[in-house]
Amino acid sequence: MTSHSKLNTAELQAMDAAHYLHPFTDHKELGARGTRIIERAEGVYLWDSEGNKVLDGMAGLWCVNVGYGRKELAEAAYQQMLQLPYYNSFFQCANPPAVQLAKAIADVAPAHMNHVFFTGSGSESNDTVLRMVRRYWDLKGKSGKKTIISRINGYHGSTVAGASLGGMSVMHEQGDLPIPGIVHIPQPYWYGEGGDMTPDEFGVWAAQQLEAKIQELGEDQVAAFIAEPIQGAGGVIIPPDTYWPEIKRILAKYDILLVIDEVICGFGRTGEWFGSQHYDLKPDFMPIAKGMTSGYLPMGGVIVSDRVAATLIEHGGEFFHGYTYSGHPAAAAVGLENLRIMRDEKLIDYVKQEAAPYLQEKIAELAEHRLVGEVRGVGLLGAIELVKDKATRERFPDKGAAGTLCRDLCVSNGLVMRAVGDTMIMSPPLVISKTEIDEMVGKIWTVLDQAAEQLGV
Ligand SMILES: *Cc1c(COP(=O)(O)O)cnc(C)c1O
């Protein structure tokens, strides 16, 4: 054991408050409250430094797809670190795991996507997208095409380009974002914003905002449209059935690139390898990360369509972009081993045929609860809308308070779920068993009962 594991919870919390600036955190509030120290994990469970066992309904941050405690992944990293811990992919070099991972990803990606640019994270992947989209149009002699259309409440990461492409108003406000050349259209969030329209009517309306924006800007100015197949961080927002078909109809009319951010939906989350396959989309770029290594080591990438790759390759000329850790050998070795596990254990089939139908059936029953306005899900993604009045979709007056209450009650009941405003969301490891799904949903019932009582409904 190394010395850091000998510190007790209070010591770690004090040290944390004194030195550690956490991401997406109110530092003042956290310092007063104390961090929760997670010490170890196995399968779908975490243990904190006080010995509490917690079912991880979020797979870490949507990433631990094959579950915790996989010795094969640790072994792959260890062996690769002994062999070659690091070398760059600049200057005409490559390493065996990175080369093989590019091929292995192309094998499971949609047929027209056969090239991968490696990055260190999902945010970096979207920075790469921004650069590569503009490079593509420059090479095509259409350098006026610079603007990328994105969506309000989309999430594409936290770097300057990632946060600009994203549509999180709180992030934009703090960073003087978005940077120029990025514009946002409404999201297909029927439950929250559909008003009097039916979901199908609203789906068409939301998709048509893309066409309106293209016409407003002029097709000769628009480089690309970027979207998540299902918005994750925005609250597991599953577009109405009419949305993607209408987007496809619009994209067929205009010469713009499609970027489908697969950082959450990729690597099995929807029951297909990629969300693009679930919705039958034909993207030019698929930023990936998270499930790519099941989070065991940081890694991301951008899967690139043949038409874009051919333009970059045939035209030649250096693309002045890349990261020190692009194609990191140890991360790539873990990525390869992660793909092997997913293939050998037939995890995609397991999600599609067993885990997802079971989870969706079980969470659908939660819609009967008096606090629940809607339950929705695809694959191993799910969302529960908390409302004051089921019939009118009226929310509680103190926005986000019910969500925060439920999130905290989850923790005290041994479950991790996330709250986005008053939407509870889940994204468990793909390996979750039916018994574990029963346990998770059982805890959610308890949490909803306790929350309803405290909220007085
Ligand atoms: C998490 C996420 C990102 C950012 O990935 P990081 O690895 O945190 O930089 C980008 N896009 C989507 C859809 C995400 O969910």
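Asp241 pairs by the side-chain hydrogen bond (donor to acceptor under 3.5 Å, both in side chains) definition with nothing, not counting sequence neighbours. For Ala227, the side-chain contact (heavy atoms from CB on, under 4.5 Å) partners two or more places apart in sequence, or in a different chain, are Arg151, Phe225, Trp244. With sequence neighbours excluded, the residues forming a ring pair (Phe, Tyr, Trp, His ring centres under 6.0 Å) with His172 are His184, listed by chain and number. Residues passing the side-chain contact (heavy atoms from CB on, under 4.5 Å) test with Ile348, sequence neighbours excluded: Trp273, Met342. Not a single side-chain hydrogen bond (donor to acceptor under 3.5 Å, both in side chains) links Thr270 to another residue, sequence neighbours left out. In terms of the side-chain hydrogen bond (donor to acceptor under 3.5 Å, both in side chains) criterion, Tyr279 has no residue partners (sequence neighbours excluded).
Classification of Glu385 and Arg395 as a salt-bridged pair holds, one side-chain N sitting under 4.0 Å from a carboxylate O. The pair Arg307-Asp284 meets the salt-bridge criterion, since a charged nitrogen lies less than 4.0 angstrom from a carboxylate oxygen. Between Lys103 and Asp107 there is a salt bridge, since a side-chain N of the basic residue sits under 4.0 Å from a carboxylate O of the acidic one. A salt bridge links Arg70 with Glu345; the closest basic N to acidic carboxylate O contact falls under 4.0 Å.
Judged purely by distance below 3.5 Å, without hydrogens or angles, the side chains of Glu124 and Thr159 never pair a donor atom with an acceptor atom. For Tyr254 and Glu211, the side-chain atoms include at least one donor-acceptor pair closer than 3.5 Å. With no hydrogens or angles considered, a side-chain donor-acceptor pair links Gln79 and Glu75 at under 3.5 Å. Under 3.5 Å, the side chains of Asn338 and Ser294 contain a donor-acceptor pair of N or O atoms. Side-chain contact annotation: Tyr323 with Asp127, donor-acceptor N/O pair under 3.5 Å absent. Between Gln221 and Thr147, the side chains place no donor N or O within less than 3.5 Å of an acceptor N or O (distance only, hydrogens not considered). Using a 3.5 Å distance cut-off with no hydrogens or angles, the side chains of Tyr45 and Glu439 do pair a donor with an acceptor. Defined by atom type and a distance below 3.5 Å, a donor-acceptor pair is present between the side-chain atoms of Thr128 and His321. With no hydrogens or angles considered, a side-chain donor-acceptor pair links Asp438 and Tyr358 at under 3.5 Å.
In this structure, the side chain of Glu219 engages the main chain of Asp255 through a donor-acceptor pair within 3.5 Å. Within the 3.5 Å criterion, the main-chain N or O of Phe274 finds a donor-acceptor partner in the side chain of Gln277. A donor-acceptor pair under 3.5 Å is absent between the side-chain atoms of His156 and the main chain of Gly122, judged by distance alone. In terms of modelled atom types and a separation under 3.5 Å, the side chain of Glu262 and the main chain of Ser276 share a donor-acceptor contact. The backbone N or O of Met197 lies less than 3.5 Å from a partner atom in the side chain of Trp190, making a donor-acceptor pair. The main-chain N or O of Gly154 is never found under 3.5 Å from a side-chain atom of Gln187 such that the two would form a donor-acceptor pair. Panel note: side chain Gln360, backbone Leu381; a donor-acceptor pair is recorded below 3.5 Å.
Considering every non-hydrogen atom in both Val129 and Pro287, the closest pair reads CG2-CG, 4.0 Å. Of all the heavy atoms in Ala207 and Ile250, the pair that sits closest is O-CD1, 3.3 Å. For the residue pair Gln209 and Ile185, the shortest heavy atom distance occurs at O-CG2, 3.7 Å. Considering all non-hydrogen atoms of both residues, Pro329 and Leu84 come closest at CB-O, 3.6 Å. When all heavy atoms of Lys443 and Gly414 are compared, the closest pair comes out as CE-O, 3.5 Å.
The number of heavy atoms from other shown groups lying within 6.0 Å of CD (Gln174) does not exceed 12. Remark: Lys390 NZ is packed, more than 12 non-hydrogen atoms of other residues, nucleotides or ligands lying under 6.0 Å away. Remark: Tyr189 OH is packed, more than 12 non-hydrogen atoms of other residues, nucleotides or ligands lying under 6.0 Å away. In Gln83, the CD atom is not crowded: 12 or fewer heavy atoms of neighbouring residues, nucleotides or ligands sit closer than 6.0 Å. Heavy-atom neighbours of Lys248 NZ from other residues, nucleotides or ligands within 6.0 Å: above the threshold of 12.
Using cut-offs of 30° and 60° for the angle between ring planes, the Phe117 and Phe319 rings count as perpendicular.
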For this session: Please report the C-alpha distance between Ser123 and Ser158 in whole Å, then the side-chain angles of each, then the deciding distance to 0.1 Å, and finally whether the side chain to side chain donor-acceptor pair (under 3.5 Å) criterion is met.
Result: CA-CA 6 Å; Ser123 301; Ser158 195; 5.9 Å; no
Chi angles and distances behind the ring-ring contact (aromatic ring centres under 6.0 Å, His included) call for Tyr20, His22 | CA-CA 6 Å; Tyr20 191 174; His22 290 245; 4.0 Å; yes
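In this structure, Phe202 has its ring center no closer than 6.0 Å to that of Tyr243.
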